[in-house]
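First up is the structure itself, then whatever we jot down about it.
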Amino acid sequence: MMTLVLAMVWHRRGQAITLALLSLLAVASAVAAPAYLIAVGRAVAAGQIATASTGELTLTVRGVQDTTTGGGSGDEFTQIGGALIALPGFTYYYSRETPTVGLEQTDRYPSRLVFRQDVCTHVRITAGRCLFGESDVLVGEQTAKRLGLAPGDAITVSAAIPDSSAGVPRYVAAGKPKPLVVAGTYQAVRPGETYWGRHGYFVSGPDVGPGEPLFTTSMTFPAMDRTRTEMSIDGIAASGTLDAGRLAGLRSELNRLNDAAAEVDETLQIDTDIPRLLDRIDEGRAGSRLLVPVLAVPLVLLAGFSIYLTVGYGAEGRQSELAVVALRGARWWSRWWLAAGESLIAVLAGSVAGCLAGQLLINVVAAIRFPGIGQDADWSSLRYAPIAALIALLAAVAAQRRQLTRPVAGLLRRIPAPGSGRVPFGEAVLLVLAVLAGGQLYLSKGSLTGIGLFAPAFVLLVLALLLSRALLPVIGRAAARALRRGRLGPALAGLQLTGRPGASRLFALLVAAAAVAGYAGCAVDTGVRGRDTQARLGSGAERVISAEPVSGRQLLAAVRAADPDKTWAMAVTQLSSGGDTAVTGLVVDAAALEKVAIWPSDGPSARTVAERLRPVDAQPTVIDGPELAVDVTSSSDKLQLSVSVSSVSGETVVDLGRLRAGRATYRQRPQVCAGGCRINGIQVGGSGRDKVKAQLVIHSLGDRWAVSGKAARLTTGPEGLALELDVSPAYAEVARLRPAGVPDPLPVAYAGGAPEVVQGLADDPVRMTPAAALPVVPSLGRQAWMADLGYVGMLASGTRRAAAAQVWLNRAAPADAIDRLTAQGLTVLDDTGTAAVRERLDQQGPALSLGFYLLAAGLATLLGVGALVLTVAVDRGRRAEDLIAMRVQGLRRGPAGQATFWTYPVLVTAAVVAGMLVGFAGWWLTGWALPLAGVNPPDLPLPGQPRAGVLAWWAAAILLPYLVAAVLGGRDLRRRVG
């Protein structure tokens, strides 16, 4: 019996090979999905590690040695810290730091005296030499220039402690003076380098200093009288430490480290963002585990359907053989084995080969798509292979059930038996499953859990079956009309499509295969467009330069000095509007908005918004410097006057002190005005406890000023600015003057809702008035606002240090843009933008998972082509007999050729077009639930539908292999008939 079955396989080896290939594709699809998830998991980890921030690559153990409270010694910290962070694969750097005074003339902030291991290899020595012995120090280049220091000079510092006894925070000496020698001057090469850890050595500002610490040797600290010393050990992950294969173990090691630190010393602090990196990797992998099965499930079901169809077609082609077996009275098991054995052997052979083929396919894809990532040998990728093989075997057996149970007369039929048009039980079950899965997906608001995960698969297959059932009768009626009109070629082609047994199933299979491929195309194009939107609108500009925190005025002055024509750079700060429901906002240089920002296309133009944000070009009063002289006449000696000035080098509030009654000129030489500066605002207050009512005339600062608040009334005359003041010092009331032309309240463009008051722009809350409604604010999303930094910089109360100081650049930015910005006093921390964000998004789980969709589209197309080839091979004998008989009866050669050549091309063209429509309909119904936007996406208007042009090209690419198979099959059939 086995010999006979093997002989049957060999006799029809072409059909057996095709069926084996279909089984191979079925099992390979089931193996490919988990194997691809393993590869994507490694790629997600590698991508997130490559784009991780400094804090996500470092581990810092901190301790404090405080002599005033009896803190531990530095040696003890070294022993404890070294024992705690004995994690393999980390490079460790030891550092100490103590605050000092004596170097700077101010006591508002201390000079940071720092020992940092291997510091000389991470800075550029611009003068002198590196550190060698005790008392050697390296001084920042700008600090040395400002203080007139050179290598070899002696300086003296003392340990400092904070003191607020006078009501104003300051630092006072708390130890014996320590003589130091300037060994050299340095310049930080890369302030954002991972080596510097999370210490913020180079952060500058009015309250923290110039951002250039004094670096010294470890021998200096024991020889110095100190009060408080901050100690730390920074562990920096070496290359390969955060490898994808080590992540699970690393999390447990960090947990053990935290427990050990708590047991050894409660004062030790462990700072690291590595867990956040691990969480982000887990989130990316979780997204992949949702996306890949969405198309893996319909692919496996499609493979089972294709086997069911092709085995059924083969069984129908062998009905005469089975009729002879039944007529001879063979027993049921012999009849069953002769009927099913040929198909089962091919299915089993293909299933075994599919296990290896699926893994090898993913290995090749991973090597091309994820170079350098590697692929672990993991047997878990085969866990669904038995299920897929079982589905293939069951489909093969189910396809032949009629041939196994029919009587001899039924087996000799060549037309469908009566009643074959009823809806099969399997299709009814599939329809119920589609309704249940789609309902859960909708009610759970897109949660791909439970049966909702299979909603796209069931919806696609049901729509494909329904549409195929609706289209075939239409094709039949068209063929009948063609026959009545005498067009024999198209009529015979159409009748062949609708009258053959199993034609509806073949058409449904081809529609379903095209639908799966079309759904994949919708997902890929929508994902690509979404990532492009996130990269462009999410960044705000082609390049985004992050700088150390500076005031808004200083940032604006520096950027305009670097780009005076406002053609390639724009100053940007980011802050919240404050309150319980804080909305984030951008404060930008509106004059450069149109040229620099990437702008949404579905709202007012950037030019319109810029004009509304800055309707009047207000100009501040400028002095050439270095002296600020203010000529005033006061009617009272209880008034105090201060002037807010700024330049590229910084900004400050110059306190001119208490005014004398009568006319006088008050002079100051602020450091920021050494090369000239601008006056941004004037503030007049009172002294004492009683309310002060007085008149003040400012003679020397021009007449282009406006008053804010109700504490003063302003008039202008030939003598200058005349102020009638009514201020209460007890309630800190002051009168503020701002440059004329600065509106009050400030205009604001908004998305979602306009804030009425914004805190954080200046020392006092700033009132806002709506000026333009936007669909989205670049970089922030659909709940944000935007104001003009130029106006904000002229507020009398002064702008605060921007927590997020940025410079946006467009494509026209020169190659030395960063050098120009650095020359204006900005310290660049990061250089990112559209390309960097797009690269990061492309390394996240959703983007990487869509590679499987491309693979699934190819596998689905191969399944459809394989089923078509096998169908053509089975059909050609019977079709040739029919057409030859018609030729004998007088059918002309032309119509016969049309019937043979155009049948299958028309079939596959109709099926692909219908399948693309089904794929798009399935995407419209379920695609909104797919997490294509990445991990924690910004609130941006992401596209939800693919582009029509892309789908047209996608359909053409899918149709091409079908047409090749159909044309070749048609030519072969025409040759046989001829």
Side-chain angles (χ1 to χ4, degrees), residues 47-58 122-124 142 187-205 211-212 236 273 277 531-532 534-550 552 554-563 566-574 586-589 592-593 595-598 648 778-780 789 801-844 934 938:
Q48 294 302 313
I49 292 169
T51 58
S53 63
T54 298
E56 294 171 340
L57 299 175
T58 59
H122 294 273
V123 297
R124 181 185 298 116
Q142 298 301 320
Q187 183 183 77
V189 180
R190 290 184 295 163
E193 185 182 4
T194 307
Y195 161 79
W196 299 110
R198 303 150 62 91
H199 300 281
Y201 290 128
F202 308 107
V203 175
S204 62
E212 290 183 324
I236 300 174
D273 287 336
L277 171 64
R531 294 196 299 276
D532 184 67
Q534 288 186 68
R536 292 177 58 79
L537 276 180
S539 297
E542 293 294 334
R543 290 175 64 187
V544 177
I545 307 298
S546 298
E548 283 189 358
V550 294
Q554 185 178 354
L555 178 66
L556 181 64
V559 174
R560 286 190 173 180
D563 178 25
K566 310 179 189 67
T567 57
W568 53 268
M570 179 175 68
V572 178
T573 65
Q574 179 178 325
L586 285 182
V587 190
V588 304
D589 183 5
L593 186 65
K595 295 291 184 65
V596 177
I598 295 177
V648 175
S779 177
L780 295 186
L789 184 58
R801 189 159 57 103
Q806 297 178 343
V807 182
W808 289 8
L809 308 179
N810 59 18
R811 294 181 179 178
D816 62 342
I818 292 182
D819 294 335
R820 297 189 188 187
L821 295 171
T822 303
Q824 301 302 325
L826 297 181
T827 300
V828 175
L829 299 178
D830 193 17
D831 183 0
T832 182
T834 300
V837 173
R838 181 60 186 268
E839 181 181 3
R840 184 171 67 250
L841 291 172
D842 288 342
Q843 298 302 319
Q844 290 183 356

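Values reported hereafter were calculated over all heavy atoms of this structure, with side chains retained and with hydrogens, waters and symmetry mates removed.
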Do V189 and H122 have side chains that approach each other closer than 4.5 Å (heavy atoms only, starting at C-beta)?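 No, too far: nothing below the 4.5 Å cut-off.
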Name the orientation class of the two ring planes belonging to W196 and Y201 (parallel below 30°, tilted from 30 to 60°, perpendicular beyond 60°).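 Rings of W196 and Y201: perpendicular, over 60°.
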Please find the pair of heavy atoms, one from [X] and one from [Y], that lie closest to each other, and give the distance.
X    : Y    : result
A569 : V559 : CB-CG1, 3.8 Å
W568 : A817 : CZ3-CB, 3.7 Å
L586 : W808 : CD1-CH2, 3.6 Å
V544 : S539 : CG2-O, 3.5 Å

Pairwise distance [atom1]([X]) to [atom2]([Y]) - rounded to 0.5 angstrom:
X    : Y    : atom1 : atom2 : value
Q554 : Q824 : CD    : CD    : 10.5 Å
Q806 : T832 : CD    : OG1   : 9.5 Å
N810 : M570 : CG    : CE    : 9.5 Å
D831 : L809 : CG    : CG    : 7.5 Å
L826 : R820 : CG    : CZ    : 14.0 Å
R531 : D842 : CZ    : CG    : 5.0 Å

Output all residues satisfying side-chain contact (heavy atoms from CB on, under 4.5 Å) with R198, sequence neighbours left out; order by chain, then residue number.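 Scan of R198 (side-chain contact (heavy atoms from CB on, under 4.5 Å), adjacent residues dropped) gives T58, T60, R62, D271, D273.
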Under the rule for side-chain contact (heavy atoms from CB on, under 4.5 Å), what residues qualify as partners of E542, not counting sequence neighbours?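 E542 satisfies side-chain contact (heavy atoms from CB on, under 4.5 Å) with R536, I598, R811, T834 only.
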For a side-chain contact (heavy atoms from CB on, under 4.5 Å) with L821, tell me which candidate from D563, V807, D816 qualifies.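 That would be V807; it is the only one of D563, V807, D816 passing the side-chain contact (heavy atoms from CB on, under 4.5 Å) with L821.
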In this structure, which one of L789, V596, L593 forms a side-chain contact (heavy atoms from CB on, under 4.5 Å) with V588?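 Of the listed options, the one satisfying the test is L593.
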State whether D589 and R560 are salt-bridged, where the test is any N-O pair (Lys NZ or Arg NE/NH1/NH2 against Asp/Glu carboxylate O) under 4.0 Å.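 Yes, D589 and R560 are salt-bridged.
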Candidate pair E193 and I236, rule side chain to side chain contact (heavy atoms under 4.5 Å, CB included), full reasoning: CA-CA 11 Å; E193 185 182 4; I236 300 174; over 6 Å; no
